[in-house]
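Input: a single structure, listed below in structure tokens.
One-based numbering along the sequence shown.
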Amino acid sequence: MRIILFASSEFSLPLLDILNNSDHKLCAIYTQPPSISGRGMRLRDNAIGVKAKELNIQLFYPSNINNTIEINKFKSLNPDIAIVSAYGQILSSNLLKVPKFGFINLHPSLLPRWRGAAPIERALMSGDKETGICTIKMVRELDSGPILAREKFVINSNETNTSLSHKLSKIGALQLLEVINNFEFISEIPQESDGITYASKIQKSETRINWNLS
């Protein structure tokens, strides 16, 4: 299949690698625009942008993926399927309709728990004993599409956001490849209506140390 990947964080690097080495054609990658960071405050690509350039994969970073010009450019790539993993922009209904087999999303939680921007962080902050990773078909409503694959993962007591993200990213990359390799045989399982929670973006105020705690 002709695949387009939408990704912007280190979490998606194992997925990028596994798609690039698969029997499918990774035609292009969409990521967030370069940002000013690091010593010297220079404009730099994120980890996905850097890797895409190393692999000589066509790279796009529009500031607004949903405008007409960008949607038409996306159509011209003739994608069979598009994959989203920690991309950073909400996608419009018009964009979701473009690929032959639609969009699928790799989401690091046991949906419908922790829909939204920070599922790994919120699972840890809430003291969850387990989490997991899901591959879902994307619909307009945030992280609410039917589940195509789902795997649980027990959270160790010493787990951090970095360590858990690293583990789930590797599990998820293999899971998603299995889904697209067997796409015509995969059943769609609607998400449960009970147990829905939302993982809002981490605010700077939440990162401050409370010195009154033990």
Inset, instruction - Scan residues 116-132 for pairs that pass side chain to side chain donor-acceptor pair (under 3.5 Å), counting only residues two or more places apart or in two chains. - result: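 Residue pairs passing side chain to side chain donor-acceptor pair (under 3.5 Å), neighbours aside: Arg113-Asp128, Trp114-Asp128, Arg122-Ser200, Arg122-Glu206.
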Should we count [atom1] of [X] as having more than 12 external heavy atoms under 6.0 Å?
{"X": "Ile69", "atom1": "CD1", "result": "no"}
{"X": "Asn64", "atom1": "CG", "result": "yes"}
{"X": "Asn158", "atom1": "CG", "result": "yes"}
{"X": "Glu70", "atom1": "CD", "result": "yes"}
{"X": "Lys170", "atom1": "NZ", "result": "no"}

Legend entry - Contact check, side chains of Leu77 and Phe60, non-hydrogen atoms, under 4.5 Å: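 A side-chain contact under 4.5 Å exists here.
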Inset, instruction - For the residue pair Asn66 and Asn94, establish whether any side-chain heavy-atom pair is separated by less than 4.5 Å. - result: no
Working to the nearest 0.5 angstrom, can you tell me the gap between [X] [atom1] and [Y] [atom2]?
{"X": "Ile3", "Y": "Asp80", "atom1": "CD1", "atom2": "CG", "answer": "8.5 Å"}
{"X": "Leu148", "Y": "Ser187", "atom1": "CG", "atom2": "OG", "answer": "9.5 Å"}
{"X": "Ile65", "Y": "Thr31", "atom1": "CD1", "atom2": "OG1", "answer": "11.0 Å"}
{"X": "Glu159", "Y": "Leu164", "atom1": "CD", "atom2": "CG", "answer": "5.0 Å"}
{"X": "Leu168", "Y": "Glu151", "atom1": "CG", "atom2": "CD", "answer": "9.5 Å"}

Legend entry - Whether Gln191 side chain and Ile136 backbone form a donor-acceptor pair below 3.5 Å: no
Legend entry - Phe103 and Tyr87 aromatic centres sub-6.0 Å: no
